[in-house]
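Note sheet for the following structure.
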Amino acid sequence: MLDNKVSNYLKEVSSIHDLKKRTELIVRGALLFFPFERASIFTFSLLNYIGEGIFQVENNQVNNMDWIKEDIRSIPSVYLAVMNNEPLFIDTRKNRSSFPEKYIRQFDLTSLAIVPISRINIVVGCVFMDRYTGDAPILNMYIKQLYMYFQHAAENIKASAHTTLLLSRRETEVLQHLADGYSLKEMASFMKISEFTVRDYFSSVNRKLGVKHRSQAVAEGFRKGILK
């Protein structure tokens with residue numbers, strides 16, 4: 001159960017119309033109310049198990065994370081948290097194999113809270129919280145409350161805004177290309193991916209937008225302001 005201060009904060013944030021600003025404030029709020037110094041948010045697709053970075057908040061700065069793209073099946077800790085839709089805390093000092101060494105080194109990770117974000121019990125993203133500043137060992141209470149915090153935040157986002165947030169950069173890109181009249185073969189060529197991957201992105205887009213056909217996805221994209 002979230003306390004009144006946290007619930008009131010999320011209620012205020014939900015009234016902000018600018019989706020990017022609202023999402024940023026939700027992530028900042030997690031750092032405000034919980035003993036962590038850094039948070040990163042990612043999208044996730046169950047169709048191809050790919051997680052893609054959106055942004056990271058640290059030291060009052062927002063950093064782009066869209067250069068990160070990983071198959072979570074190769075990261076056991078993330079796979080476990082996402083597939084069970086349950087938050088997980090890992091100590092990389094005790095078990096370095098629990099997370100990719102390249103990210104442990106790059107971000108100087110010593111511990112990490114992996115918090116899934118779900119919609120209708122389907123995980124569509126996750127948040128990584130690190131640089132824990134509380135008492136050791138970390139209390140399970142914090143992990144459970146973090147999960148509740150992001151679930152509550154997701155519920156307060158209107159369906160259209162929620163969908164826009166959870167379309168990855170690549171999913172938005174293929175949808176825009178389709179609206180611009182490009183074929184799957186042309187998209188695959190200049191995006192430097194296979195046609196199979198393009199189709200995979202469209203399957204994910206259709207699922208997230210709640211449509212059955214690409215033409216419907218384009219129409220929904222314009223209606224919800226995803227496409228220009």
Side-chain angles (χ1 to χ4, degrees), residues 20 23-24 26-28 30-31 34-118 122-134 136-138 140 142-143 146-147 149-150 165-174 187-188 190-194 196-198 200-201 204 208:
K20 183 177 180 180
T23 307
E24 180 185 322
I26 289 172
V27 176
R28 286 185 184 278
L31 297 176
F34 300 95
F36 295 86
E37 293 183 341
R38 183 165 58 189
S40 308
I41 185 168
F42 292 77
T43 65
F44 169 71
S45 172
L46 189 59
L47 289 173
N48 55 15
Y49 295 92
I50 296 295
E52 295 188 56
I54 302 177
F55 65 81
Q56 179 187 82
V57 177
E58 179 183 16
N59 295 328
N60 211 34
Q61 298 291 320
V62 178
N63 304 307
N64 189 5
M65 297 285 282
D66 65 5
W67 53 273
I68 295 181
K69 181 179 179 180
E70 296 283 351
D71 186 328
I72 69 166
R73 290 172 293 189
S74 66
I75 311 176
S77 56
V78 178
Y79 181 78
L80 182 64
V82 168
M83 299 311 294
N84 290 332
N85 193 12
E86 292 183 357
L88 179 67
F89 183 79
I90 58 174
D91 188 334
T92 57
R93 293 167 298 185
K94 296 180 180 179
N95 184 7
R96 294 188 74 87
S97 64
S98 62
F99 206 72
E101 183 68 25
K102 61 181 179 180
Y103 295 128
I104 292 177
R105 291 178 178 274
Q106 181 170 357
F107 295 107
D108 191 24
L109 298 175
T110 56
S111 60
L112 185 70
I114 304 167
V115 187
I117 301 174
S118 62
I122 297 175
V123 176
V124 291
C126 66
V127 177
F128 293 166
M129 307 283 293
D130 68 292
R131 296 191 175 173
Y132 176 65
T133 59
I138 187 171
N140 284 333
Y142 285 141
I143 301 302
L146 265 174
Y147 178 76
Y149 174 88
F150 283 107
L165 167 65
L166 294 171
L167 282 187
S168 71
R169 178 178 60 85
R170 283 299 221 182
E171 289 167 351
T172 303
E173 188 177 351
V174 296
M187 293 182 210
F190 54 69
M191 291 176 70
K192 294 180 171 51
I193 56 179
S194 68
F196 177 82
T197 301
V198 174
D200 202 25
Y201 279 130
S204 182
K208 290 181 179 181

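Basis for what follows: all heavy atoms, side chains included, without hydrogens, waters or symmetry-related copies. Since we're looking at a predicted model, the values are computed, not measured.
A tilted orientation is assigned to the rings of Phe42 and Phe128, their planes being inclined by 30° to 60°. Classified by interplanar angle (parallel below 30°, tilted 30° to 60°, perpendicular above 60°), the ring pair Tyr132/Phe36 is tilted. Taking the six-membered ring where the residue is Trp, Trp67 and Tyr103 present tilted rings, their angle falling between 30° and 60°.
The shortest side-chain heavy-atom distance between Phe44 and Val78 does not fall under the 4.5 Å cut-off. For the pair Thr43/Arg169, no side-chain contact is recorded, criterion being any heavy-atom separation below 4.5 Å from C-beta on. Using a 4.5 Å heavy-atom threshold, the side chains of Tyr201 and Met187 count as separate. Residues Ile26 and Ile41 are not in side-chain contact: their nearest non-hydrogen atoms beyond the backbone lie 4.5 Å or more apart.
Separation of atoms CG (Leu80) and CG (Asn85) is listed at 11.5 Å; rounding is to 0.5 Å. Rounded to the nearest 0.5 Å, atoms CZ (Phe99) and CG (Leu112) are 5.0 Å apart. Rounding to the nearest 0.5 Å places CG of Leu109 at 6.0 Å from OG1 of Thr92. Note that CZ of Phe107 and CD of Glu58 are 9.0 Å apart. Values are rounded to the nearest 0.5 Å. Atoms CG and CD1, from Leu146 and Ile114 in turn, are 12.0 Å apart once rounded to the nearest 0.5 Å. Remark: Asp200 CG to Ser194 OG distance equals 8.5 Å, nearest 0.5 Å.
For the residue pair Ile54 and Asn64, the shortest heavy atom distance occurs at O-OD1, 3.3 Å. Between Ser77 and Ile90, the shortest heavy-atom distance links the atoms OG-CD1, 3.8 Å. Annotation for Cys126 and Pro116: closest pair CB-CA, 3.9 Å, computed over non-hydrogen atoms. In this structure, Ile117 and Val127 approach most closely via the heavy-atom pair CD1-CG2, 3.6 Å. The heavy-atom pair separating Ile75 from Ser98 by the smallest distance is CG2-O, 4.2 Å. The two residues Thr197 and Ile193 make their nearest non-hydrogen contact at CG2-CD1, 4.0 Å.
Between Tyr142 and Phe89, the distance separating the two ring centers is not shorter than 6.0 angstrom.
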Evaluate the criterion side chain to side chain contact (heavy atoms under 4.5 Å, CB included) for residue pair Val115 and Tyr149; output intermediate values, then yes/no. CA-CA 10 Å; Val115 187; Tyr149 174 88; over 6 Å; no
Show your reasoning for whether side chain to side chain donor-acceptor pair (under 3.5 Å) applies to Asn59 and Arg38. CA-CA 8 Å; Asn59 295 328; Arg38 183 165 58 189; over 6 Å; no
Begin with the C-alpha distance, continue with both residues' side-chain angles, and end with the deciding distance and a verdict on side chain to side chain contact (heavy atoms under 4.5 Å, CB included) for Ser45 and Glu171. CA-CA 10 Å; Ser45 172; Glu171 289 167 351; 4.1 Å; yes
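The side chain to side chain donor-acceptor pair (under 3.5 Å) pairs that include a residue from residues 105-116 are Glu101-Arg105, where partners are two or more places apart or lie in different chains.
Every side chain to side chain contact (heavy atoms under 4.5 Å, CB included) that Lys102 has, sequence neighbours left out, goes to Glu70, Pro100. Judged as a side chain to side chain contact (heavy atoms under 4.5 Å, CB included), and not counting sequence neighbours, the contacts of Met83 are Leu46, Tyr49, Tyr79.
Counting heavy atoms of neighbouring residues, nucleotides and ligands inside a 6.0 Å radius, atom CZ of Phe190 exceeds 12 of them.
Electrostatic pairing of Arg170 and Glu52 does not count as a salt bridge here, judged by no charged N lying under 4.0 Å from a carboxylate O.
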